[in-house]
There are 2 protein chains.
Amino acid sequence: MTASPFASRERTTKERILGAAETLFATHGFAGASLRQVTAAAKVNLAAVNYHFGSKDKLIEEVFRRRLDELNSRRLSALARIAGQPDTKLEDVLDAYIRPALDLSRTDGGAAAFVRVLARAYAEHNETLRRFLSDNYGHVLRQFATEFARQLPGLAKEDIYWRLDIVTGALTYAMADFGIIQRKNDVAERDHREQAAEHLIRFAAAGMRHPSISSSTATR
Amino acid sequence: MTASPFASRERTTKERILGAAETLFATHGFAGASLRQVTAAAKVNLAAVNYHFGSKDKLIEEVFRRRLDELNSRRLSALARIAGQPDTKLEDVLDAYIRPALDLSRTDGGAAAFVRVLARAYAEHNETLRRFLSDNYGHVLRQFATEFARQLPGLAKEDIYWRLDIVTGALTYAMADFGIIQRKNDVAERDHREQAAEHLIRFAAAGMRHPSISSSTATR
DNA sequence: GGGCGAATCAAACGATCGTTTGAGAATACG
DNA sequence: CGTATTCTCAAACGATCGTTTGATTCGCCC
């Protein structure tokens with residue numbers, strides 16, 4: 001069960017595979033990164049993937065689950081600290097939603113690569129993957145929507161979801177660092193991320209708050 | 001030079017390959033869709049791709065160029081109609097930026113698939129592709145930034161680009177129809193798109209307009 | 001310390017990948 | 001009509017893919 005103490009310098013074989021897979025999937029995509037690249041980067045034998053995970057698809061699933069569970073709980077615990085409180089502001093709720101996601105990309109571990117994997121997963125538009133994400137995030141989104149509704153009592157439930165959807169889009173985009181804004185050399189990575197978070201939160205707050213003309217059915 | 005008149009029922013071999021490639025790249029990704037799938041869907045011989053395009057990479061480039069040139073010119077002509085006019089509002093500029101992109105996904109042709117290809121390209125995060133997009137869109141973005149600066153005189157140039165970046169993220173996300181909001185059966189596809197466009201434009205207008213505290217250098 | 005399951009390894013499996021080849025069919029043009 | 005050019009086609013190329021195999025090594029426990 002336990003790994004041999006000196007078989008690897010730092011971590012177990014499973015963990016090294018997961019780390020290498022995360023990086024390579026982010027760079028070359030799921031189909032673009034081969035198991036030979038992954039096992040070479042992890043410095044393990046090729047057969048180790050199928051031995052420990054069963055197949056490449058199962059490995060991909062594990063890469064997701066490991067990070068999503070963490071992001072998931074961070075968001076919910078941040079929300080739990082402020083939900084229902086009388087002095088909670090809209091910006092605080094957005095912060096609980098946005099900051100754990102952006103923080104994920106600047107942790108010292110290999111988690112930074114995962115945000116690009118996640119963004120890529122959105123692009124894959126795979127129905128199986130969509131369902132997987134929906135199952136893992138559905139209740140999170142619902143909890144946030146409830147708190148947003150408390151913050152914006154004049155807004156229809158439908159509008160809440162529309163706007164939360166837009167925020168998610170901007171956040172996904174920002175997480176992957178697609179932006180046209182290139183970080184200058186004299187700005188540290190973490191400061192750049194912090195600026196992105198602040199801009200995004202303030203932008204989103206203004207967008208969420210703007211007066212609704214909800215009942216207007218789109219004609220066109 | 002010209003294609004044989006009856007070799008294909010509707011279009012030339014090159015066009016049928018481009019159409020099939022667009023659809024399959026959107027569904028399975030660039031690495032995930034094989035040339036055998038593409039040529040089978042296009043009902044042409046396998047060797048036709050390398051004959052007409054030279055390689056798979058060149059085919060991918062052509063898929064992009066065909067649609068980007070169209071989107072490019074539509075945005076610029078929409079901007080040209082309103083730029084510098086005294087009665088032009090912020091929403092109009094955003095409309096010129098957003099609507100051509102969203103319209104692309106509801107044209108009757110095969111263009112609908114391309115928006116997902118475009119979103120996937122962002123996720124690929126390939127440096128070569130990024131440069132390609134930057135070369136094709138750099139001047140477009142600069143022209144829009146100029147008009148946004150005229151609409152928002154109190155805003156620093158840097159903030160303009162930050163916020164325009166956020167809008168682009170939300171737009172890319174919306175174009176690919178990633179959203180959690182599922183279209184209901186009694187709402188037509190075009191009405192759904194129209195609603196998305198209106199929500200996005202109003203959201204973006206509020207976000208672009210909100211008061212700046214630009215000079216605050218991010219600490220932490 | 002001998003047996004046992006867990007883990008790692010090199011090697012090979014069949015399948016599929018992008019690309020190339022060379023012959024044949026279709027078209028253009030003198 | 002005959003030649004030249006353009007295009008299509010079936011077949012095969014070498015490379016690489018995910019996966020499997022069988023032997024070997026390692027750590028653990030009775």
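Everything quoted here is computed from the prediction, not taken from an experiment. Just so it is clear: chains get the letters A, B, ... in the order the sequence lines come, proteins before strands, and each one is counted from 1.
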(message) Does the Lys NZ or Arg CZ of Arg75(B) fall within the cation-pi geometry relative to Tyr97(B) - under 6.0 Å from the ring centre and within 45° of the axis?
(response) yes
(message) Students often get this wrong, so: under 4.0 angstrom with heavy atoms, is Ala47(B) touching a base, only sugar-phosphate, or nothing?
(response) base
(message) Looking only at the side chain of Asn45(A) (C-beta and beyond, no hydrogens), which of the listed nucleotides dA10(C), dC17(D), dT6(D) gets closest?
(response) dA10(C)
(message) Between C1' on dC17(D) and CG on Asn50(A), what's the gap in Å once rounded to a whole number?
(response) 12 Å
(message) Distance check needed: dC17(C) C1' versus Phe30(B) CZ, whole Å only.
(response) 18 Å
(request) Answer yes or no: is there a donor N or O on one side and an acceptor on the other, between the side chain of Lys56(A) and the main chain of Phe30(A), under 3.5 Å? (result) yes
(request) Using modelled atom types only, decide if a donor and an acceptor are shared between the side chain of Arg16(B) and the backbone of Ala42(B) within a distance under 3.5 Å. (result) yes
(request) Check the distance between dT16(D)'s C1' and Lys56(B)'s NZ and give it to me in whole angstrom. (result) 13 Å
(request) Rounded to the nearest angstrom, tell me the gap between atom CZ in Arg16(A) and atom P in dT8(C). (result) 9 Å
(message) Output the rounded distance in Å from CG (Leu35(B)) to C1' (dT20(C)).
(response) 13 Å
(message) Looking at dA7(C), I'd like to know if its phosphate oxygens (OP1 or OP2) sit under 4.0 Å from a side-chain N or O belonging to Thr13(A).
(response) no
(message) Quick check on DNA chain D: between Ser34(A) and Arg36(B), whose nearest nucleotide comes earlier from the 5' end?
(response) Arg36(B)
(message) Please determine whether a side-chain nitrogen of the Lys or Arg among Lys58(A) and Glu62(A) lies less than 4.0 Å from a carboxylate oxygen of the Asp or Glu.
(response) no
(request) By nearest nucleotide on DNA chain C, pick out whichever of His52(A) and Leu46(A) is the more 5' one. (result) His52(A)
(message) How many whole angstroms separate atom NZ of Lys43(B) from atom P of dC9(D)?
(response) 13 Å
(request) Rounded off to whole Å, could you give me the NE2-to-C1' distance for the His28(B) and dC17(C) pair? (result) 16 Å
(message) Determine whether a donor-acceptor pair (N or O, by modelled atom type, separation under 3.5 Å) exists between the side chain of Glu70(A) and the backbone of Arg67(A).
(response) no
(message) Distance check needed: dA7(C) P versus Arg11(A) CZ, whole Å only.
(response) 17 Å
(request) Would you mind telling me which of dT19(C), dT6(D), dA12(C) lies closest to the side-chain atoms of Tyr51(B)? (result) dT6(D)
